[in-house]
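Heads up, the thing below is written out as structure tokens.
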Amino acid sequence: MIYNWRKNMFEKVLDLIKNQNMFLSGNVVGVACSGGSDSMSLLHFLVSNKEKLDIEIVAIHVDHGTRDNDARDAYFVADYCNEHRIRFQKFKVEANVLAKQKGWSLEQACREARYGVFESLR
């Protein structure tokens with residue numbers, strides 16, 4: 001019963017992606033991937049369905065340099081990508097320095113740095 005519910009839900013998500021033309025055939029889709037459960041679930045879903053969607057996946061990891069386990073998160077994402085033959089790009093930003101320079105909170109500096117990375121890749 002649970003399997004059928006999940007299967008139906010995944011099919012509904014795929015239908016939504018297709019019906020909304022979220023991706024065009026042949027698109028390269030960058031997935032912001034922190035290594036947390038949300039971003040890894042999204043990455044896994046898209047990787048599992050990349051043939052159906054006819055897309056290429058690139059995992060993008062931004063190391064903000066704010067936590068002791070930042071490197072571990074990056075290695076986790078890199079290992080997943082290596083195992084699934086997905087392109088992986090890692091970026092290191094100095095969010096603490098940016099926060100001080102701009103007078104921002106650390107959270108805002110992290111967000112702005114991430115957005116800057118994503119914009120430069122777009």
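Residue numbers run from 1 in the order of the sequence given.
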Q. Is the side chain of D70 donor-acceptor paired with the backbone N or O of D63 at a distance under 3.5 Å, no angle test?
A. no

Q: Can you see which heavy atom on A59 is nearest to which on V77, and at what distance?
A: CB-CG1, 4.4 Å

Q | Note, F118 side chain near V62 side chain (heavy atom, < 4.5 Å) | A | yes

Q. Rounded to the nearest 0.5 Å, how far apart are CZ of F10 and CG of N49?
A. 8.5 Å

Q. For the residue pair F88 and A78, what are the closest heavy atoms and their distance?
A. CE2-CB, 3.6 Å

Q | Donor-acceptor contact below 3.5 Å, side chain H61 vs main chain C33 | A | yes

Q: Give the minimum heavy-atom separation between A95 and A109, together with the two atoms involved.
A: O-CB, 3.5 Å

Q: Determine yes or no for a side-chain-to-main-chain donor-acceptor pair under 3.5 angstrom, with N19 supplying the side chain and D15 the backbone.
A: yes

(Q) Go through it in stages, so that I can follow the logic: the residues are V31 and I60, the test is side-chain contact (heavy atoms from CB on, under 4.5 Å), and I'd like the CA-CA distance, side-chain angles, deciding distance and then a yes or no. (A) CA-CA 6 Å; V31 179; I60 304 161; over 6 Å; no

Q | Close side-chain approach of R87 and E56, heavy atoms under 4.5 Å | A | yes

Q. Taking side chain as C-beta onward, heavy atoms only, is V28 less than 4.5 Å from V58?
A. yes

Q. How long is the gap from CD on Q101 to CD on E94, to the nearest 0.5 Å?
A. 10.5 Å

Q) Below 4.5 Å, heavy atoms only, C-beta onward: do K102 and Q108 meet side chain to side chain? A) no

Q: For H44 and M40, indicate whether the former's side chain and the latter's backbone hold a donor-acceptor pair under 3.5 Å.
A: no

Q: Tell me, yes or no, whether the heavy-atom count around Y75 atom OH, taken from other residues, nucleotides or ligands under 6.0 Å, exceeds 12.
A: no

(Q) Do Q89 and V117 make a side-chain contact, defined as non-hydrogen atoms from C-beta onward lying under 4.5 Å apart? (A) no

Q. Can any side-chain N or O of N27 pair as donor or acceptor with the backbone N or O of L24 at less than 3.5 Å?
A. yes

Q: Find out whether V93 and L98 are in side-chain contact, i.e. whether some heavy atom of one side chain is under 4.5 Å from a heavy atom of the other.
A: no

**Q.** Closest non-hydrogen atom pair, T66 against C110
**A.** CG2-SG, 4.1 Å

Q) Is the number of heavy atoms from other residues, nucleotides or ligands within 6.0 Å of CZ (R67) greater than 12? A) yes

Q) Which distance, rounded to the nearest 0.5 Å, do you find between the CZ of F45 and the CD1 of I57? A) 10.0 Å

